[in-house]
Amino acid sequence: ARSKLSATKDVIDYVEGDRKKQFEDIIKNNEETLAMLKGIVYSVESAPWMQSKLMIVGQGRAGKTTTVRTLLGEPFRETWESTIGASVTKTKLVSDGTGLKKVHQRAETAGYAADLASKLAAKELQKLGKSKKGRKKSKKSFLGKEENQRSSSKSKIKSLNLSGKFRLSSKSLPKVETSAVIDDAQALEKKKIDEDVTRRFETKLFLTTHSKKDENEIAFTVWDYGGQKVFYSLHHLFLTKYGVYVLVFDMREMLQSERENMTEDPIEYLKFWMNSIRLHAPVAPLLLVGTYGDVVKSRSEHEKVQDRISETVGQFKQVVGNNDNNLCFFPINNKSGDGKDAISAAIEKETRKQAFVNTKVPLRWLHTLDRILDRFEPYITFNEVREMAKTNQITSHSEVTNMLSLFHELGVIIYMPATAALANIVTKDPQWLIDCIGKVIRDPNIHGYNDERINKLGYTRDVDALVQRALVSQDLLEYLWRKDVGQVDFLIDLMQRTMLLSKWNFKSSENRDRMFLVPSMIEYVEPIEKNQVSASCDLKLNFNEGLPTGVYERLVCLCVAHSGGTKEPQQPKIGNSSAVIWFGKNCVQLSKVGQNVECAVESKTELPQILSILTSVLKKVNADVMNGGLKYNTLVDVEGSWISVTEAKEKNVRPWADSTEIKKEEAASLNLEAFLENL
């Protein structure tokens with residue numbers, strides 16, 4: 001590996017414009033300069049990372065993607081582009097006192113550690129420069145001091161092994177024994193990658209330290225979530241507690257008085273998204289942004305919007321007010337950009353208040369992250385990450401878990417440790433995973449499945465089953481994921497464990513071993529009649545703070561998986577808001593009614609057992625997907641009145657009087673297979 005920078009073309013090519021001559025002069029003495037920089041950097045163990053996540057949510061067609069473009073300083077597009085799943089953008093925004101400005105950067109790997117390190121080095125060099133300027137010493141005396149510093153820096157840099165053994169301090173960290181002989185091709189390739197990451201780290205450290213750098217700049221990962229309902233179940237995997245949320249709504253709809261042509265009240269969409277955000281991030285700042293400011297532009301119209309939404313917004317303390325205009329939301333005209341500065345200033349202000357932005361992050365964590373992102377594969381195992389971490393002196397299992405959890409919360413990678421199986425996988429490219437899932441889960445009325453090619457290749461029947469019955473064949477999955485053919489088994493397994501897929505183990509006209517239920521696609525299935533099992537509802541799961549989209553669908557998903565594992569399973573009947581499922585020989589109908597999930601049971605004596613299964617399933621969904629934030633009450637019907645199970649037992653109402661206490665299983669600790677077997 002190259003252990004020093006040289007004034008070669010590959011280095012100079014990083015530099016553009018008027019600074020090129022300045023860099024050429026610096027590079028003449030690069031070996032000594034780099035040694036000094038590394039001496040500064042590797043004597044520091046941790047520093048504030050200044051990294052955040054900006055999450056843009058809202059109803060479809062509200063203008064989320066256009067708002068993102070406006071905030072990033074990109075030109076307005078007249079044509080509408082619907083986001084499939086979510087769009088992830090990694091960018092750097094800096095403050096100039098008037099809000100956030102996007103800094104266009106060369107996209108490159110091995111950059112996070114160098115970015116933070118260069119800030120530290122630049123800050124220390126600035127201090128050193130001021131110190132030199134304040135001293136009135138002879139040139140000879142100063143040069144002597146500088147030589148001492150260089151000597152000290154070179155001694156510190158001995159703790160850096162350029163084959164990837166990254167140490168911050170030889171005093172505070174243990175020595176790591178390394179083998180001088182690499183006797184297999186895989187290890188040699190790994191060593192080559194490590195050396196390349198280290199070389200590029202040094203290159204970027206050297207160059208960015210000498211550029212103009214604001215030590216207080218904030219880097220954002222911007223997540224633009226698709227607004228169609230079909231994606232809502234998917235979003236629960238990616239809404240995280242660290243970051244700033246922007247909820248976008250269409251001001252025109254808020255002012256529309258005639259509701260005949262509107263399928264739902266836009267206020268309900270606001271409630272849904274605010275409840276979802278509160279579920280996953282109860283203290284994260286939330287900005288409401290009203291679009292179409294080119295149409296709704298007067299002060300009086302803005303006040304009418306305010307009157308319409310103020311009561312709903314007042315229920316959520318985390319909403320950030322537009323105090324300058326005495327509004328609870330921020331209007332924006334994406335055509336002209338009016339309103340952008342107020343929004344970006346509020347985002348910046350709220351982001352800087354967040355403790356995680358200023359929390360010190362170990363440099364060794366970021367160097368490990370760079371090595372993770374430098375891998376070619378879209379995902380790697382936890383054990384592979386541990387091996388990478390060990391070369392950076394991270395030996396504790398808990399430290400690796402904390403490191404990955406932080407990177408996930410900030411939207412840089414995907415790491416879901418809810419179960420042992422999920423915790424074993426680290427997805428390094430969130431956009432890759434979202435795109436793969438979005439090839440299956442999508443709105444067929446907007447995004448479609450490329451009908452011409454589907455028909456030509458003979459997958460028409462498979463697509464019809466997906467859209468009309470929410471069933472997907474493995475043949476269709478392999479076609480949709482043909483560009484990632486080696487990842488099909490991984491993607492199926494991941495979607496099953498996150499309850500986005502469920503094996504369809506029932507006899508039908510299709511091959512029973514090659515079909516899966518896609519609960520998110522239930523939205524497009526024809527409804528089935530209620531009261532197919534019983535004339536009335538027997539028990540009710542009441543979500544008084546709102547039933548998040550995706551909970552009922554996942555409840556059906558796991559119940560179908562459980563049913564398929566019973567002896568001689570009968571095929572369920574699935575509709576868009578109701579499902580008939582057999583638990584053994586007992587038939588159960590689940591229905592989504594408002595904020596409730598209602599349950600009718602054929603055999604009333606088995607009601608306690610059915611309730612036990614449903615509550616266990618909900619705990620699993622809550623632990624694995626909903627961040628533990630689900631709140632609901634269980635009610636049973638006793639002579640037309642809805643009362644709690646405890647009250648029913650006290651009144652000696654059968655079958656509840658004879659039921660034993662329902663055990664509270666630790667759903668989070670069980671993998672899916674063990675959980676289903678435990679049911």
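Quick caveat: nothing in here was measured; it's all calculated off a predicted structure.
- Side-chain N or O atoms of Gln595 include one that pairs as donor or acceptor with a backbone N or O of Leu547 at under 3.5 Å.
- Within the 4.5 Å cutoff, the side chain of Ser473 has heavy atoms near those of the Asp462 side chain.
- Looking at Asn596, its side chain never comes within 3.5 Å of a backbone N or O of Glu598 through a donor-acceptor pair.
- For the atom pair Ile610 CD1 and Cys587 SG, the distance stands at 9.5 Å (nearest 0.5 Å).
- Relative orientation of the His562 and Phe583 rings is perpendicular, given thresholds of 30° and 60° on the angle between their planes.
- Applying the side-chain hydrogen bond (donor to acceptor under 3.5 Å, both in side chains) definition to pairs two or more places apart or across chains, those involving residues 271-282 are His236-His280, Asn275-Arg278.
- Here the side chains of Leu555 and Leu614 are in contact, with some heavy-atom distance below 4.5 Å.
- For the side chain to side chain donor-acceptor pair (under 3.5 Å) test with Tyr479, the passing option among Arg453, Gln474, Lys439 is Arg453; the others fail.
- Looking at Glu409, its side chain never comes within 3.5 Å of a backbone N or O of Thr240 through a donor-acceptor pair.
- With sequence neighbours left out, the salt bridge (Lys or Arg N to Asp or Glu O under 4.0 Å) criterion links Lys631 to no other residue.
- Partners of Glu399 by side-chain hydrogen bond (donor to acceptor under 3.5 Å, both in side chains), not counting sequence neighbours, listed by chain and number: Arg364, Trp365.
- Applying the salt bridge (Lys or Arg N to Asp or Glu O under 4.0 Å) criterion to Asp538, with sequence neighbours excluded, gives Lys604.
- For the pair Arg386 (side chain) and Phe382 (backbone), a donor-acceptor distance under 3.5 Å is absent.
- Glu384 pairs by the side chain to side chain contact (heavy atoms under 4.5 Å, CB included) definition with Arg375, Ile380, Thr381, not counting sequence neighbours.
- In this structure, Arg497 contributes its side chain and Ala421 its backbone to no donor-acceptor pair below 3.5 Å.
- In this structure Asp429 satisfies the side chain to side chain contact (heavy atoms under 4.5 Å, CB included) test together with Gln431, Trp432, sequence neighbours excluded.
- Between the side chain of Ser612 and the backbone N or O of Pro608 there is no donor-acceptor pair closer than 3.5 Å.
- Val57 is not listed as a side-chain neighbour of Trp223, based on a closest heavy-atom distance of 4.5 Å or more.
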Report, one line per pair, each donor and acceptor closer than 3.5 Å where one atom sits in a side chain of residues 638-646; sequence neighbours left out.
{"from": "Ser644", "atom 1": "OG", "to": "Glu647", "atom 2": "N", "distance (Å)": "3.1"}

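- Listed by chain and residue number, Leu369, Leu373, Leu404, Phe407, Tyr415, Val426 satisfy the side chain to side chain contact (heavy atoms under 4.5 Å, CB included) test with Ile413 (two or more places apart in sequence, or in another chain).
- In this pair, His235 and Tyr232 present their aromatic rings tilted. The plane angle is within the 30 to 60° band.
- The backbone N or O of Asp489 lies less than 3.5 Å from no partner atom in the side chain of Asp493, so there is not a single donor-acceptor pair.
- Residues Val385 and Met403 form a side-chain contact, since some pair of their non-hydrogen atoms from C-beta on lies under 4.5 Å apart.
- Legend: residues meeting side-chain hydrogen bond (donor to acceptor under 3.5 Å, both in side chains) with Thr427, ordered by chain and number and at least two apart, are absent.
- The shortest distance between side-chain heavy atoms of Asn627 and Leu279 does not fall below 4.5 Å.
- In terms of the salt bridge (Lys or Arg N to Asp or Glu O under 4.0 Å) criterion, residue partners of Asp250 (sequence neighbours excluded) are, by chain and number, Arg252.
- At least one donor-acceptor pair closer than 3.5 Å links the side chain of Asn622 to the backbone N or O of Gly629.
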Is there a side-chain contact (heavy atoms from CB on, under 4.5 Å) between Phe238 and Ile434? Walk through the geometry before answering. CA-CA 10 Å; Phe238 307 120; Ile434 293 166; 3.9 Å; yes

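- Remark: Gln468 engages Asp464 in a side chain to side chain contact (heavy atoms under 4.5 Å, CB included) (not counting sequence neighbours).
- A donor-acceptor contact shorter than 3.5 Å is absent between the side chain of Lys53 and the backbone of Val412.
- To the nearest 0.5 Å, atom CG of residue Asn633 and atom NZ of residue Lys540 are 11.0 Å apart.
- Between Val518 and Leu501 the shortest side-chain heavy-atom distance falls below 4.5 Å.
- In this structure, Phe272 and Thr549 approach most closely via the heavy-atom pair CE1-OG1, 3.3 Å.
- Listed by first and then second residue, the side-chain hydrogen bond (donor to acceptor under 3.5 Å, both in side chains) pairs that reach into residues 579-591 are Ser578-Gln589, Ser578-Ser591, Asn586-Glu606, sequence neighbours excluded.
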Worked check of side-chain contact (heavy atoms from CB on, under 4.5 Å) between Val440 and Phe516: CA-CA 11 Å; Val440 182; Phe516 301 88; over 6 Å; no

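- A side chain to side chain contact (heavy atoms under 4.5 Å, CB included) with Met416 is found for exactly one of Val625, Ile425, Leu494, namely Leu494.
- Pro378 places none of its side-chain heavy atoms less than 4.5 Å from the side chain of Asp484.
- Looking at Arg554 and Ser233, their side chains come closer than 4.5 Å, going by heavy atoms from C-beta outward.
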